[in-house]
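Just so we're on the same page: letters track the sequence lines, and every chain starts at 1.
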Amino acid sequence: MVNERALVQTAATDPFALVSARLEPWLSQRAGGGAVDPVVRPSDHADAQINGALPLAKQLGCNPRDLATEIVESGQLDDLCAALEVAGPGFINVTFADSTIDHLLTEVANDEHLGLHKSSEPRTVVIDYSAPNVAKEMHVGHLRSTVIGDALVRMYSAAGHKVIRENHIGDWGRPFGMLIEHLLDLGEEVASSGLGQGDLDSFYKAANAKFSESEEFQERSRERVVLLQSGNPETHVLWDRLVAMSTAYFNTVYEQLGVLLVDDDLMGESKYQPLMPATLERLEASGLMSESDGAKVVFPPGFTNRDGDPLPLIVQARTGGFNYATSDLACVIDRIERLGADLMLYVIGAPQQQHLEMVFAVAKMAGWMPEGVSAVHVAFGNVLGDDKKMLRSRSGESVKLVDLLSEAVDRASAAVEEKNPSLSDAERAAVAEMIGIGAVKYADLSTDRVRDYVFNWDRMLAFDGNTSPYLQYAHARICSIFRRAAEEGVSSGEIAVREPAERALGLHLLGYPAVVADALESNSPHRLCTYLFELAQLFTSFYEQCPVLKSDGDTRSSRLAVCDLTARTLSAGLGLLGIDAPEQM
RNA sequence: GCCCCCGUAGCUCAGUGGAUAGAGCAACGGUUUCCUAAACCGCAGGUCGCAGGUUCGAGUCCUGCCGGGGGCGCCA
């Protein structure tokens with residue numbers, strides 16, 4: 001429980017943490033010293049349940065129900081709780097006093113961060129995500145890395161950490177010989193205008209086709225790679241142009257998608273080229289490097305190939321060229337030694353797992369990744385079509401991200417037009433943008449990232465179920481209440497939750513910081529999604545059962561305050577996911 | 001052949017070693033002169049892939065199998 005490396009400060013307003021903190025010293029003393037986790041958990045039978053008596057009784061060799069009774073009778077929780085009762089084999093069911101909930105809610109409502117406080121021990125977190133390839137179209141395959149990475153950036157920042165975004169674009173390597181030659185063949189002007197329109201796919205494919213057809217082109221391409229790598233100025237100008245056209249295009253996609261990536265975050269493979277010889281020298285000096293089939297390799301223990309032989313990480317090919325293992329190692333060094341990273345997240349597809357494990361293992365063996373610095377592969381699964389196979393367009397090609405996003409906005413616009421015709425064209429366009437893009441992002445973020453998920457327009461854009469439109473709608477309804485409240489000149493006041501529905505909503509609101517902590521510990525934005533969905537459900541249930549503006553006096557002002565806090569939590573939570581919450585829809 | 005990931009309701013998915021495994025969708029039955037019904041309430045739906053093991057307690061941890069996906073030397 002005590003963890004000085006915790007990513008999120010334990011909230012003083014979290015009733016679960018409060019119970020835990022009260023019980024810990026008492027239990028520890030009862031156990032004769034040593035840390036004891038009270039194991040406070042959500043419960044179906046009460047506001048919370050304490051399970052800690054069972055393992056401790058086992059340890060002390062006493063009866064768990066007796067120990068649970070002892071805990072209850074210790075009086076540690078008396079001022080917080082309305083009821084404490086021992087149940088089953090030794091659980092303690094906790095019912096918080098209404099006054100406890102009121103008090104904590106008031107504190108959270110007065111806090112602009114809703115109880116989510118900046119870490120007192122901020123870490124330097126490098127997050128590697130998106131990583132499209134220069135001269136190639138961004139397709140649905142880049143969606144997950146970009147969206148998940150963006151959410152993590154926002155969450156780590158909110159928790160008070162120093163976040164460094166790194167967009168490791170594919171801007172170097174063998175294909176650039178053919179791309180530059182193709183650019184020259186087309187003439188710079190033509191190519192420039194073609195790429196400017198975002199028609200990157202056909203450019204790349206044309207170059208590729210020429211490469212496989214013409215030996216003369218292959219030869220030129222190979223020579224061009226050599227020129228590029230040797231720093232030939234004329235070649236570099238052309239390369240620069242290709243990269244600039246692509247990154248300008250990426251920026252338009254990022255803007256449409258509403259992610260934080262900007263040019264300053266670009267850190268493509270080319271940036272690590274100058275660092276590779278030194279990386280190799282350091283590996284050499286470490287004594288880890290050996291030679292295998294003419295290539296320079298390192299054998300991290302525990303990895304085997306098809307034949308059961310040790311599997312090498314190849315850091316220099318037989319031909320003398322470096323590859324992505326070398327570049328990834330240089331990258332680790334750069335992030336730790338130049339940027340001062342103590343946590344590195346790689347938001348990269350699951351198939352890269354073994355490669356990354358090997359890179360991390362070698363970096364550790366070489367002493368580049370000391371104690372206290374960690375690298376985490378934030379892996380994710382595929383986006384599937386309704387046929388459960390990789391999502392493809394009708395023609396069987398990968399789906400362009402821009403096409404996907406504009407279809408999302410179109411569909412959202414049609415839905416808004418049908419359901420709220422009173423919005424002006426401009427309002428509708430803005431709202432459709434938030435709903436459409438939000439729906440795509442939420443669909444991606446709301447399931448465990450490591451699994452594949454099925455991409456389905458109707459489901460993600462539905463206004464009910466676990467979707468962003470449902471959450472956005474809950475938020476918009478609250479905003480509507482406040483527009484009306486302003487007209488009527490009423491405002492929120494002191495919080496006092498009484499009805500079961502508002503009490504349940506209030507208790508859930510207090511869990512916001514803890515759920516962000518939970519999501520961060522496992523780099524799992526879907527945990528935040530689940531929380532927000534439950535919040536929206538609890539709100540709509542409250543909204544049905546507890547009249548707000550139609551009540552009066554203290555009840556009305558209290559309910560308005562609960563509404564306000566709910567709206568702020570929904571908006572902030574969606575914000576951490578990179579999703580906007582419109583005030584009307 | 002070896003390694004990794006996944007397998008939970010008809011469908012899409014949650015589930016921190018804790019009580020009777022939960023939502024949503026679809027289906028069925030209700031609710032609106034009332035703050036956005038784009039909603040809510042109710043009802044039903046399960047051999048948690050299978051078999052062992054550890055544990056006071058296993059969907060969760062361990063082992064083996066079955067099914068699906070992915071990876072396994074010089075592309076990135």
Going by the rule side-chain contact (heavy atoms from CB on, under 4.5 Å), which residues pair with C546(A) if we only count those two or more places apart in sequence or in a different chain?
E499(A), A501(A), E502(A), F542(A), R559(A)

Can you name the salt bridge (charged side-chain N to carboxylate O under 4.0 Å, His left out) partners of [X], sequence neighbours left out?
{"X": "D14(A)", "value": "none"}
{"X": "R449(A)", "value": "none"}
{"X": "R527(A)", "value": "D518(A)"}

Could I get a table of every N or O pair under 3.5 Å where one atom is in the protein and the other is in nucleotides 58-60 of chain B?
none

If the cut-off is 4.0 Å, is R556(A) near the phosphate of rC35(B), judged by side-chain N/O to OP1 or OP2?
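So the side chain of R556(A) is outside the cut-off, no N or O lying under 4.0 Å from OP1 or OP2 of rC35(B).
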
Is R484(A) near enough to rU36(B) that one of its side-chain N or O atoms lies under 4.0 angstrom from OP1 or OP2?
yes

Near-ring test F539(A)/H475(A), centroid separation under 6.0 angstrom:
no

Spacing of the [atom1] atoms in [M] and [N] (rounded, Å):
{"N": "rC62(B)", "M": "rU54(B)", "atom1": "C1'", "value": "7 Å"}
{"N": "rC3(B)", "M": "rG59(B)", "atom1": "P", "value": "27 Å"}
{"N": "rA51(B)", "M": "rC13(B)", "atom1": "P", "value": "25 Å"}
{"N": "rG52(B)", "M": "rA58(B)", "atom1": "C1'", "value": "13 Å"}

With W172(A), which of W239(A), Y272(A), F322(A) fulfils ring-ring contact (aromatic ring centres under 6.0 Å, His included)?
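In the set W239(A), Y272(A), F322(A), the residue that makes a ring-ring contact (aromatic ring centres under 6.0 Å, His included) with W172(A) is W239(A).
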
Mind calculating the distance between [atom1] ([X]) and [atom2] ([N]) to the nearest angstrom?
{"X": "L535(A)", "N": "rA23(B)", "atom1": "CG", "atom2": "P", "value": "17 Å"}
{"X": "R428(A)", "N": "rA38(B)", "atom1": "CZ", "atom2": "P", "value": "18 Å"}
{"X": "L384(A)", "N": "rC11(B)", "atom1": "CG", "atom2": "P", "value": "15 Å"}
{"X": "N382(A)", "N": "rG68(B)", "atom1": "CG", "atom2": "P", "value": "17 Å"}
{"X": "H526(A)", "N": "rG24(B)", "atom1": "NE2", "atom2": "C1'", "value": "15 Å"}
{"X": "E534(A)", "N": "rA14(B)", "atom1": "CD", "atom2": "C1'", "value": "8 Å"}
{"X": "D452(A)", "N": "rG68(B)", "atom1": "CG", "atom2": "C1'", "value": "10 Å"}
{"X": "D552(A)", "N": "rC35(B)", "atom1": "CG", "atom2": "P", "value": "17 Å"}

Only counting residues at least two apart or in another chain, list the ones meeting side-chain hydrogen bond (donor to acceptor under 3.5 Å, both in side chains) with T555(A).
none

Under 4.0 Å between any heavy atoms, over every strand shown, what does [X] touch: base, sugar-phosphate, or nothing? Just pick one.
{"X": "S480(A)", "answer": "base"}
{"X": "N466(A)", "answer": "sugar-phosphate"}
{"X": "C563(A)", "answer": "nothing"}
{"X": "P175(A)", "answer": "nothing"}
{"X": "F322(A)", "answer": "sugar-phosphate"}
{"X": "V454(A)", "answer": "sugar-phosphate"}

Heavy-atom closest contact (H168(A) atom, S327(A) atom, distance):
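So the minimum-distance heavy-atom pair works out to NE2-OG, 4.1 Å.
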
For L507(A) versus P15(A), what's the shortest heavy-atom pair and its separation?
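Distance-wise, the nearest heavy atoms are CD1-CG, 4.2 Å.
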
For the atom pair [atom1] ([X]) and [atom2] ([Y]), what is the distance rounded to the nearest 0.5 Å?
{"X": "H508(A)", "Y": "L535(A)", "atom1": "NE2", "atom2": "CG", "result": "5.0 Å"}
{"X": "L510(A)", "Y": "L505(A)", "atom1": "CG", "atom2": "CG", "result": "10.0 Å"}
{"X": "K136(A)", "Y": "K205(A)", "atom1": "NZ", "atom2": "NZ", "result": "10.0 Å"}

Could you spell out the base pairing of RNA chain B in dot-bracket, with Watson-Crick or G-U pairs whose two distances are under 3.5 Å, [ ] crossing and | to another strand?
(((((((..((((....[...))))..((((.......))))......(((((..]....))))))))))))....

Answer with yes or no whether the side chains of T69(A) and D66(A) bring together a donor and an acceptor at under 3.5 Å.
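Per modelled atom types, D66(A) and T69(A) side chains form no pair under 3.5 Å.
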
Quick one: do the N466(A) and Y442(A) side chains pair a donor with an acceptor below 3.5 Å?
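Short answer, yes.
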
Per [X] side chain, nearest of listed nucleotides [options]:
{"X": "P351(A)", "options": "rG71(B), rA38(B), rA76(B)", "value": "rG71(B)"}
{"X": "R174(A)", "options": "rU12(B), rC35(B), rC75(B)", "value": "rC75(B)"}
{"X": "F533(A)", "options": "rG71(B), rG24(B), rC72(B)", "value": "rG24(B)"}

Close N/O contacts between protein and nucleotides 18-20 of chain B (under 3.5 Å):
residue : atom : partner : partner atom : Å
rG18(B) : O2'  : Q49(A)  : NE2          : 3.4
rA19(B) : N7   : Q49(A)  : OE1          : 2.9
rA19(B) : N7   : Q49(A)  : NE2          : 3.3
rA19(B) : N6   : Q49(A)  : OE1          : 3.2
rA19(B) : N6   : N93(A)  : OD1          : 2.2
rA19(B) : N1   : N93(A)  : ND2          : 3.4

Parallel, tilted or perpendicular: which one describes the rings of F211(A) and F217(A), with boundaries at 30° and 60°?
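Ring orientation of F211(A) relative to F217(A): perpendicular.
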
Parallel, tilted or perpendicular for Y453(A) and F455(A), by the 30°/60° rule?
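Tilted.
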
Those residues of residues 291-300 of chain A lying under 4.0 Å from RNA chain B by at least one heavy atom
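Of all residues in residues 291-300 of chain A, the ones placing a heavy atom under 4.0 Å from RNA chain B are S292(A), D293(A), A295(A).
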
Chi angles and distances behind the side chain to side chain donor-acceptor pair (under 3.5 Å) call for Y470(A), T540(A)
CA-CA 10 Å; Y470(A) 177 77; T540(A) 46; 3.1 Å; yes

With the criterion being N/O to N/O and under 3.5 Å, what pairs connect the protein with nucleotides 39-44 of chain B, and how long is each?
residue : atom : partner : partner atom : Å
rA39(B) : OP1  : F463(A) : O            : 2.5
rA39(B) : OP1  : D464(A) : N            : 3.1
rA39(B) : O2'  : R477(A) : NH1          : 3.3
rA39(B) : O2'  : E544(A) : OE2          : 3.4
rC40(B) : OP1  : Y470(A) : OH           : 2.7
rC40(B) : OP1  : T540(A) : OG1          : 3.2
rC41(B) : OP1  : S541(A) : OG           : 3.4

Please classify rG73(B) as syn or anti, treating any glycosidic angle within 90° of 0 as syn.
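Syn conformation for rG73(B).
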
Protein proximity profile, nucleotides 3-10 of chain B - base contact B, sugar-phosphate-only contact S, no contact -, cut-off 4.0 Å on heavy atoms
-S--S---

My understanding is that only residues two or more places apart in sequence, or in another chain, count here; which of them pass ring pair (Phe, Tyr, Trp, His ring centres under 6.0 Å) with Y346(A)?
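Once residues adjacent in sequence are excluded, the partners of Y346(A) under the ring pair (Phe, Tyr, Trp, His ring centres under 6.0 Å) criterion are F360(A).
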
May I ask you to check whether over 12 heavy atoms, not counting those of E70(A), lie within 6.0 Å of atom CD?
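Buried by this count: over 12 neighbours within 6.0 Å.
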
